[in-house]
Amino acid sequence: MKVNNVELVISAAKPHQYPDIGLPEFALAGRSNVGKSSFINRMIGRKSMARISSKPGKTQTLNFYKIEDTLFFVDVPGYGYAKVAKTERALWGPMIETYMADRPQLAACIHIVDLRHAPSADDVVMYDFLKHNEIPAIVIATKADKIPKGKWQKHLKVVKETLDFDPLDEIIVFSSETGLGKEEVWKAVKRRMYNDKEYEKANREESE
């Protein structure tokens with residue numbers, strides 16, 4: 001997918017602040033230090049659209065990025081960073097759950113995990129939440145550039161087993177540094193946006 005137009009529409013904390021546009025939305029979830037901002041910037045071809053903070057846990061709102069007037073990436077607060085105050089985490093939890101469980105525009109959750117390590121307990125809780133609420137997941141196994149290619153499948157196996165991965169979901173090896181997996185992610189996003197005929201049409205139009 002060619003991205004020319006991206007706009008941060010709003011940083012929202014409550015449902016009445018969410019955009020009332022009706023475009024499909026893709027929530028981006030992951031640990032505070034897993035690289036969500038780097039993922040967003042690589043996917044949209046920008047260096048600093050999503051700010052990469054030196055302090056994990058800084059995102060405290062739902063950040064709605066409108067892409068090509070076609071869809072939203074919704075960056076949600078990262079989880080699992082111990083230095084974030086418990087009072088702040090207590091506020092974020094209900095905000096994220098309310099958005100994900102009740103938002104009709106939510107097409108899927110892009111769940112970002114670190115390919116180098118087995119998913120954390122918080123990663124498992126997040127994935128279980130998605131399954132419990134019947135939210136489709138696109139699991140991004142990022143930081144693939146940090147390990148040899150020959151070990152990717154071994155690490156993927158650990159990720160799948162730890163998450164108890166649903167084969168109806170998708171899992172993609174990714175690197176924000178090299179762009180590995182970028183096109184596969186866009187294809188997965190489009191599959192969640194369109195039915196089979198619409199997906200084929202969108203692919204034809206983009207290749208022309």
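Everything numeric here is computed off the predicted structure, so don't read it as measured data.
- Taken from CD in Glu183 to CD1 in Ile172, the straight-line distance is 11.0 Å, to the nearest 0.5 Å.
- Gln105 is not listed as a side-chain neighbour of Pro24, based on a closest heavy-atom distance of 4.5 Å or more.
- Every pair passing side-chain hydrogen bond (donor to acceptor under 3.5 Å, both in side chains) that includes a residue from residues 152-166 is listed here, sequence neighbours excluded: Lys131-Asp166, Lys157-Glu161.
- Within a 6.0 Å radius of CG in Asp20, other residues, nucleotides and ligands contribute 12 heavy atoms or fewer.
- The side-chain heavy atoms of Val9 and Tyr65, taken from C-beta on, include no pair separated by under 4.5 Å.
- Heavy atoms only, all atoms of each residue included: Glu25 and Val74 are closest at CB-CG2, 4.1 Å.
- Thr70 has its side chain within reach of Met193: a pair of non-hydrogen atoms, C-beta onward, lies under 4.5 Å apart.
- In this structure, the side chains of Leu62 and Ser11 stay at 4.5 Å or more apart for every pair of heavy atoms.
- Across all their heavy atoms, Ala29 and Lys36 have their closest contact at C-CD, 3.7 Å.
- Under the side-chain contact (heavy atoms from CB on, under 4.5 Å) rule, Ile40 has a single partner from Asp75, Val6, Ile110, which is Asp75.
- Contact of the Met100 side chain with the Met126 side chain is registered, since non-hydrogen atoms from C-beta on lie closer than 4.5 Å.
- Ile171 and Val125 sit in two unconnected hydrophobic clusters of ILVMFWY residues. Membership requires side-chain heavy atoms under 4.5 Å apart, directly or through other members.
- Considering every non-hydrogen atom in both Asp114 and Arg31, the closest pair reads CB-NH2, 4.0 Å.
- Expressed to the nearest 0.5 Å, how far CD1 of Ile67 lies from CE of Met43 amounts to 7.5 Å.
- Proximity of Thr142 to Leu115: side-chain heavy atoms (C-beta onward) are nowhere separated by under 4.5 Å.
- For the pair Cys109 and Leu28, the minimum side-chain heavy-atom distance is 4.5 Å or more.
- Rounding to the nearest 0.5 Å gives a distance of 13.0 Å between NZ of Lys182 and CD1 of Ile140.
- For Phe174 and Phe39, the ring centers are positioned less than 6.0 Å apart.
- Atom CD of residue Glu134 and atom CG of residue Leu168 lie 11.5 Å apart, to the nearest 0.5 angstrom.
- In terms of hydrophobic clustering, with Ile, Leu, Val, Met, Phe, Trp and Tyr side chains grouped at heavy-atom distances under 4.5 Å, Val189 and Val3 are assigned to a common cluster.
- Here the closest non-hydrogen pair linking Ser176 and Gly35 is OG-O, 4.5 Å.
- Listed for the Trp186 side chain is no donor-acceptor partner under 3.5 Å among the backbone atoms of Lys2.
- Linking Ile, Leu, Val, Met, Phe, Trp and Tyr residues whenever their side-chain heavy atoms come within less than 4.5 Å places Ile147 and Val113 in a single cluster.
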Inset, instruction - Please report the C-alpha distance between Phe64 and Phe73 in whole Å, then the side-chain angles of each, then the deciding distance to 0.1 Å, and finally whether the ring-ring contact (aromatic ring centres under 6.0 Å, His included) criterion is met. - result: CA-CA 6 Å; Phe64 287 77; Phe73 274 174; over 10 Å; no
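- The minimum heavy-atom distance between Pro19 and Arg103, with the atom names listed, is O-NH2, 2.8 Å.
- Looking at Lys146 and Glu177, no side-chain N of the basic residue comes within less than 4.0 Å of a carboxylate O on the acidic one, giving no salt bridge.
- Counting only distance, with no hydrogens or angles, the side chain of Asn5 and the backbone of Glu68 share no donor-acceptor pair below 3.5 Å.
- Side-chain N/O atoms of Ser120 and Asp123 include a donor and acceptor closer than 3.5 Å.
- A single hydrophobic cluster is not seen to contain both Leu163 and Val158; linkage of ILVMFWY side chains at heavy-atom distances under 4.5 Å, directly or through other members, places them apart.
- Taken together through direct or relayed side-chain contacts under 4.5 Å among Ile, Leu, Val, Met, Phe, Trp and Tyr, Leu8 and Leu71 form part of one hydrophobic cluster.
- Between the CZ atom in Phe26 and the CG atom in Leu106 there is a gap of 8.5 Å [rounded to 0.5 Å].
- Residues Thr61 and Asn63 meet the side-chain proximity criterion, which asks for heavy atoms closer than 4.5 Å.
- Scanning all heavy atoms of the two residues, the minimum distance from Ile96 to Pro77 falls at CD1-O, 3.7 Å.
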